[in-house]
Protein chains: 2
Amino acid sequence: MLDELDRLILRQLQKDARQTNRDLATAVGVAPSTSLERVRALREKGVIRGYRAEVNLDALGREVQAMISVRIRPPSRRNIEGFREWVSRLPETIAVFVTSGRQDFLIHVAVPDTNGLYAFVIDRLTQRPEVADVETSVVYEHRRAPAVEPAREQGGPSAAQRGGAAP
Amino acid sequence: MLDELDRLILRQLQKDARQTNRDLATAVGVAPSTSLERVRALREKGVIRGYRAEVNLDALGREVQAMISVRIRPPSRRNIEGFREWVSRLPETIAVFVTSGRQDFLIHVAVPDTNGLYAFVIDRLTQRPEVADVETSVVYEHRRAPAVEPAREQGGPSAAQRGGAAP
DNA sequence: TTTGAAATTCATTCATC
DNA sequence: GATGAATGAATTTCAAA
């Protein structure tokens, strides 16, 4: 479904989504009209979900990050979805993971200082009755992979590939 | 340091980093040359770190996500930094958090299936002697905030602002 | 700093391969 | 599907406010 050219393009656009289509074409070794068509197809197929500016949290005055694990009791659909919607909209929240295991949520927050972190936990989270337990880990460092690659294809040749007679 | 126009621009570019500068200018209510200059300044100041295409993990054949907490013993700088560099480069790794608390790392991974997850834990992680404990949580859902906003300014007027005589 | 207009570069289309 | 030439749009510069 994705060939080598698609993979090269995805890698390039994850590194810099705003390089010109001409530069992209040069980088992957095709004509600009070709890369333009490929990018459009990747977007339409939903492989590319969008293009986002990445901001520097320190420059935004939010120098303290934490991962807060939250346990919801009872973990009913109503409670889980209600909490998810609520916590997603808080200005301190950067990301929310709904998880299996000891906790039901991991909340990635960024706040100006440790006071802000403490306030988030004791003022905001504990006002929700379904929050049964909270555990805070300060994030010393957060690294993202420069690009997410497609999974290596599994299994042998497909039926379609095996279908033709050998030349 | 950031005025209202900067905030509007940051919000727009976090939602869509590839909208044309003309559309951006219209959205924030200034001339294209103004928004262009502001965006350039935000990039140079390091407020905008870059522009990234966001990919659909399912479409890349990586439908299973997990957060894996890892405890390193002893948690010396050598061990922490060594493990961080190693784990950041694994193809399964999407993001790495270095944290305080019970664990030293939270590793966000995406793999094709639960077999891939199990293999990551029992083949890859456990081959590192400094890994003392591992705990896996499957990620049912991952939501990012649509835009990260600057922290609300704290404190009263600065010395500079107070410096002038009243009119 | 912001702006409008000029100059330049780019995206996009499409006939052809 | 991929390409290059043409066309239409956009970015980018800059003098002026």
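Just so you know, these numbers use all the heavy atoms, side chains as well, and skip hydrogens, waters and symmetry mates. Please read these numbers as outputs of a predicted model, since none were measured by experiment.
- Near DNA chain C, defined here as any heavy-atom distance below 4.0 Å, the residues from residues 30-43 of chain B are V30(B), A31(B), S33(B), T34(B), R38(B), listed numerically.
- Classification of R11(B) and E149(B) as a salt-bridged pair holds, one side-chain N sitting under 4.0 Å from a carboxylate O.
- Atom P of nucleotide dA10(D) and atom CG of N21(A) are separated by 15 Å, given to the nearest angstrom.
- Distance alone, capped at 3.5 Å, places no donor-acceptor pair between the R73(A) side chain and the E130(A) backbone.
- Going from atom CG of L2(B) over to atom C1' of dT1(C) covers 16 Å, rounded to whole Å.
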Symbol by symbol from the 5' end, with Watson-Crick or G-U pairs under 3.5 Å, [ ] crossing and | another strand, DNA chain D is |||||||||||||||||
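- Under the 30°/60° scheme for interplanar angles, the aromatic rings of H142(A) and F97(B) are found to lie parallel.
- Note: I48(B) CD1 to R40(B) CZ = 12.5 Å, rounded to the nearest 0.5 Å.
- The distance between atom CD of Q19(B) and atom P of dC10(C), rounded to the nearest whole Å, is 20 Å.
- In this structure, L24(B) places its CG atom 14 Å from C1' of dA10(D), rounding to the nearest Å.
- In summary, of the residues considered (N79(B), V98(B), D133(B)), a side chain to side chain contact (heavy atoms under 4.5 Å, CB included) with I72(B) occurs for N79(B) alone.
- Between the CZ atom of R38(B) and the CG atom of L24(B) there is a distance of 11.5 Å, given to the nearest 0.5 Å.
- Separating the CG atom of D23(A) from the P atom of dA11(C) is a distance of 8 Å, rounded to the nearest angstrom.
- To the nearest angstrom, P of dA5(D) lies 12 Å from CZ of R22(A).
- Between R102(A) and E135(A) there is no salt bridge, since no side-chain N of the basic residue sits under 4.0 Å from a carboxylate O of the acidic one.
- Between V55(B) and R62(B), the closest side-chain pair of non-hydrogen atoms is not below 4.5 Å.
- Summarising the geometry, the separation between CG on L5(A) and C1' on dA2(D) is reported as 10 Å, rounded to the nearest angstrom.
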